[in-house]
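Sequence lines set the chain letters: A, B, ... in the order given, protein chains first and strands last, and positions in each chain run from 1.
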Amino acid sequence: MANMAQAVRLALHYAEEHLGVTDIFGEDVGPPLGGVFTCTQGLKTTWNSPLDERGIIGMAMGIAMAGGRPVAEIQFCDYIYNTIDLLKLAGNTLWSSNGQWNLPMVVMTPVGSGIRGSIYHSHSFDASATHIPGWKIVMPSTPLDAYGLLLSACQEQNPVLFLIPKALMRIKGEELIPGEPSEDKALSKLIDAPLGDRTQWKAQWPAVQPVSIPLGQAKTVRAGSQLTVVSYGRTLPMCLLAANALASEGVDAEVIDLRTLWPYDWATIKASVAKTGRVLYVNEDTEVTNFGEHLIRRTTDELFYKLLAPPKLLAGKFVPGIGLADTLEAASVPQQSDIHAAMKKLAAMEP
Amino acid sequence: MANMAQAVRLALHYAEEHLGVTDIFGEDVGPPLGGVFTCTQGLKTTWNSPLDERGIIGMAMGIAMAGGRPVAEIQFCDYIYNTIDLLKLAGNTLWSSNGQWNLPMVVMTPVGSGIRGSIYHSHSFDASATHIPGWKIVMPSTPLDAYGLLLSACQEQNPVLFLIPKALMRIKGEELIPGEPSEDKALSKLIDAPLGDRTQWKAQWPAVQPVSIPLGQAKTVRAGSQLTVVSYGRTLPMCLLAANALASEGVDAEVIDLRTLWPYDWATIKASVAKTGRVLYVNEDTEVTNFGEHLIRRTTDELFYKLLAPPKLLAGKFVPGIGLADTLEAASVPQQSDIHAAMKKLAAMEP
Amino acid sequence: MAPPFPWVYTPPAMAREGKNPSPSSPTKPPKPSSPSKFKPKITQSDDLPLEKDLLLRMHDVMVKARCLEERLIAMYKSGHGYFWIGGPGEEAFNTALGLLIKKGEGPAYDYLHFHYRQSATLLAMGEEPLGAIRQMKNTATDPYSGGRNFAGHFAKKAWNVAPVSSPIEVQYSMAPGTAWVQKRFGGDGISIVTGGDAGTAEGDFATCLVWASRPGKEVPLLILVTNNRWGISTPYTDVQGVEKISDRGVAFGMRTKTIDGNDPISAYLELKEAFEYVRTERKPYLVEARVSRLYGHSSASGANFVTNEADCIAQFEDRLIKKGLLTRQSADALRAKYAEELAELARQAKEEPFPEGSTIWEHVFKGEPARDPLATEEG
Amino acid sequence: MAPPFPWVYTPPAMAREGKNPSPSSPTKPPKPSSPSKFKPKITQSDDLPLEKDLLLRMHDVMVKARCLEERLIAMYKSGHGYFWIGGPGEEAFNTALGLLIKKGEGPAYDYLHFHYRQSATLLAMGEEPLGAIRQMKNTATDPYSGGRNFAGHFAKKAWNVAPVSSPIEVQYSMAPGTAWVQKRFGGDGISIVTGGDAGTAEGDFATCLVWASRPGKEVPLLILVTNNRWGISTPYTDVQGVEKISDRGVAFGMRTKTIDGNDPISAYLELKEAFEYVRTERKPYLVEARVSRLYGHSSASGANFVTNEADCIAQFEDRLIKKGLLTRQSADALRAKYAEELAELARQAKEEPFPEGSTIWEHVFKGEPARDPLATEEG
Ligand SMILES: Cc1ncc(C[n+]2csc(CCOP(=O)(O)OP(=O)(O)O)c2C)c(N)n1
Ligand SMILES: Cc1ncc(C[n+]2csc(CCOP(=O)(O)OP(=O)(O)O)c2C)c(N)n1
Ligand SMILES: [Mg+2]
Ligand SMILES: [Mg+2]
């Protein structure tokens, strides 16, 4: 089964063959490396950019303007913060030209903690991104979702930000991507660049088929009746594990993978919370002015009288960075045990 | 009475005379202009910077490192978005050096709508700013508060972001700054740069006295029993007007001017909402992943069982910009009538 | 409809006196090099080495552009618009530029990444002035932004005019992108970017130089800087140590030139050479043009005519008259004609409605309905 | 304690083979200029025009620094640290730099805005290596960041060492600030900024040039670029069209020089001249030093010794031995001594505790208690 890095690669391969993607670029995105997480190995339209994030976003905007279809990478989302004005500009270009200039462009960037990345390889970007109008924002938690959502992103008429949870990058999926060989390691032999000299290497692309996962659709990954948990990215699998564990403790939780952060699938959340009366939002961005707080506001706006307990957020601590030492990272962003405890506590609150 | 631009100027004058401020700089901050809103006319440590916001923030950080005390201006907060990485860096410098390097620096910038500034002279920055750890964030709504809070900011050991609501810049205060001449226009004659040639002009500074408004203290500008309204900046005076108007309609609202957004005065909000059971947060930043949503989350976290109605947010619409035409601006950010209606509706909600 | 709380970019009285503000300060000694030293030198020859038709066409566009800007200023002053910014003083250079542009949509044509002083270029390309007037008045009919953006913020996809946006210099980061597509596309379409002198202090200017000159991947990009020696109230020489902005390109192995942007003839000839190089060599060329700023920075500085900078139209008319290509009378008549036409257009625009408030939801996402994403059934 | 999900900056096997990765691509023709063309030229003379004591001191520091980096790499490889990045290959330049620094706290001394390859400079200044080892191991005792930051991310206020931060090039935007204070302060303290070649593509490099050279307000800033011809896996010549990075300073009227950073003697002499100029003239000076990268980019690329780049220590030792200032035996003994000392320090650090989780709340705000601002009584 493909891991997420391979799934991204397969999607980009499909996109450059069939969806008109013209440029996949960024720092170390082209040969020989093919991306610091190997997401862009062996592709035909990749190239290495200068070390200049503003240039990367600006170039993507220009390419999109001129009818190209760029997929630009910011090597780590930690380094995207000096481009927020350009992201805002990309998000308002259609609007300020009163509908004339749309920018079909994808920006992808690895996000989040879980790899002991210390202060500058652990950032989350979902809070900042969801505050920028005019962008669609995606964050998969499985390889198949990454594949399908990236195909959708590459067909969008609008800018799409594709956030890839680093911690999940090397986790194999449980579902095959259509066309992916089913034997273990077969995919790796076909599409992972070899160790050693790569000058003669070419990827042997399996004939992957498109998967349709429209932007804006959440996925209920576990049905439950007593409590709703909404998450995405690194924390999503932990929420699922916690829900499964809590089932034996008598708590039946529904787990929703939001997948697209903007526009998000409010209908699915609303129906679930209307049913359970309790909701926990989980993400790992710092918790002040956090996207989960928006979801809580929406919840109180529309579901206040159905709530059996306060809607809760479990997110990253409001500290200036994620420290390198295990102890520091664990104290800064939600861990499995934190999620478990928060769910249990919420389930037990008296109405 | 001083208006806010004059109050800022008086505070900066006091700060360069008595608090060790060494550099007040930014685009057009020095002579002859003294700032596009006249906030820095006649001061002795002002200078004009290159047109480079990243350089402005970097320079402020460097000055603070070397023992200077900078007050840097970003001409409009609309142009601060390419410096967010540097703002984050300033906010984590003490933390990542484990307590060694603190940065006593003030960044001031005009924010918000109300002057028909169109897409790029109408931005708010409170949502983005409150998501950056390590900064104190201030936003006054009266000249006297601007004066007192800026004096506190200039004595801080940590970075302070001082957001000045453009729409209130030319509104005179109702209270005198201590030392300010009380006759109308007298202050202007002393400290407003003349029309025409300014080369020989020097400000005649009144002997203003310090006012202590510690960062982190809200001000209850109207006591009330049925409903709490928490706001800051441009929308605050409108909330007060609305509360006064609603009194005659039988709604008794308490209005809190937050003044400092981080760290904010939760004790004051909490006590008020515990009393009234209803709260409306009002600001004009775009409403998705908005600081008011954080306050709503805190409210549900700590006061859920005391609430008589859902906590509400009235903020800017989630659109890519504020359009120039009156009709567009009015439809995009809260107006007096919107606030009035939201308060009335909240007061009327059945528990 | 006067601006409720205008900001002041330069002291109004200074502008009223017809002078750009002096850089000298009450507390600091005079700067080493005063800006006047850098006024564009008037070295315009008596020779007019261009076809008569072209000369008169240039003159015509320049006058029309000036009349347009003066109409926009008049609208601002009479309360028919909140903010004015535009290009009076840059007509010579901007007109020459516009006449050389290959106009159309898509990579076969030139992509234009402009700043807010480019009206003469648009007119030279054949644009009707009514759109600029509508944008000034922020009517729903404004063809560039639907009443959303400031005057001078053109956007016209049919002619590859990228949306002008207020943040200084960002267009320099985007321009290599369209040029990159054109490099691959082939043909002779190029990209053109313009901006001011002060803005070259932004990192985006350097980004443009870096991305335009990648070895073997140089892009067909004409990088233009109109140097009026001002950034709002700040003289160039107060804040930047670069003598010739065009020198910034040298380290990048780029062709560069500093030219007199107040002379439409030399501007035309220099630009023509640069255009030809970029079109055929598919490599960047950096041109700095020294120009004037004749109505101050913007309406925030009063938008009054200044008398201490060279006026490219007055100079050009003198030369044309000297050569017998024009008479004072015909020149005055032309100006009067355009002034009247533009006044009429302004009268027309004044009757047009503003956009509905609900239009804020239009064009957030391409191909999607206009709606508030947070709207609930209860409202 | 191996990294749970390491990212790979360069293909591990390439690093294992002892080669920096080749820039050639499976799908594209070879680039016009291959990186090997740009290997620092070995033009080091037999002359050793410096005092014997200084030469031996330099050699001593260089060896110590190499041993420190090799110990840090060994720690990484044995699971005692998550990530390594550092300066092996740059010892010649960095040692010369460190020996010229005026060390102390406050504007009378030099301010240091470093990037992550500066260990030899710190050692040359007299720093104990234990701190670097503790930071590698992210112990609570790490004097630079308390276990918070990666190896090589020094911060030492007592010596004006500004916190090294991972984002490339931001230090170039800050350095003019300390230098500005020093300009006003007087004396001979200067600011020094270092960074890599790839990073000069960021706008911050240009920002530094602009702010350092404001007319009449030039600042005493030594702007250094260590050019190893790589940005992770990307050869310089693939992405940047600037032949000599030092040329970027020319348009700004700045003194500039490109030097051989692999020769400690010429590096010392060139830097000395630059230091003297900046200290006395109070103006900026831009130096580009060509250096090697001997263990690849970082641990993410395997951190193995490469054989296709010049090793400044081996070269320097040959020269010292040739001149009779050193013997092979004494050189080997020195290396063995430091290797053992550092191994012992690593053993010591391994016993030290990690920071407590609750310490994340320390030093958020100066002078304020360590606490979660959102903590409630109920918890
Ligand atoms: C990023 C940014 N910072 C500041 C401003 C405010 N501003 C508008 S125009 C201007 C001066 C521009 O000067 P220059 O680049 O020389 O162009 P000119 O107006 O002289 O043509 C400034 C500072 C802005 N629009 N964008
Ligand atoms: C702003 C930013 N972008 C990307 C990175 C990831 N990164 C770390 S080192 C590096 C390459 C730096 O190359 P160079 O400036 O030449 O320095 P060198 O490592 O070669 O000494 C990159 C891209 C980063 N740390 N910061
Ligand atoms: Mg200018
Ligand atoms: Mg390098």
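The distance from atom CD1 of I24(A) to atom CG of L12(A), rounded to the nearest 0.5 Å, is 4.5 Å.
Every residue two or more places apart in sequence or in another chain that forms a salt bridge (charged side-chain N to carboxylate O under 4.0 Å, His left out) with R234(A) is listed here: E284(A). Residues forming a salt bridge (charged side-chain N to carboxylate O under 4.0 Å, His left out) with R117(D) (at least two apart in sequence, or on another chain): none.
With a 4.5 angstrom heavy-atom cutoff, P320(A) touches chain D only via side-chain atoms. Contact annotation for E356(D): only backbone heavy atoms (N, CA, C, O) come within less than 4.5 Å of a heavy atom of chain A. Contact of D372(D) with chain A is made through the side chain alone, with heavy-atom distances under 4.5 Å. Neither the backbone nor the side chain of E329(A) comes within less than 4.5 Å of any heavy atom in chain D.
In this model, no donor atom of one side chain and acceptor atom of the other lie less than 3.5 Å apart for R9(A) and T40(A). Side-chain N/O atoms of T83(A) and E53(A) include no donor and acceptor closer than 3.5 Å.
Annotation: maximal heavy-atom pairing with chain D below 4.5 Å, among E27(A), R54(A), M169(A), E287(A), occurs at E287(A). The candidate from G55(A), S49(A), A203(A), P110(A) with the greatest count of non-hydrogen atom pairs under 4.5 Å with chain D is S49(A). Counting heavy-atom pairs under 4.5 Å between each of A193(A), A325(A), G323(A), G34(A) and chain D puts A325(A) at the top.
Salt-bridge annotation for R290(D) and E288(D): present, with a side-chain N of the basic residue lying under 4.0 Å from a carboxylate O of the acidic one.
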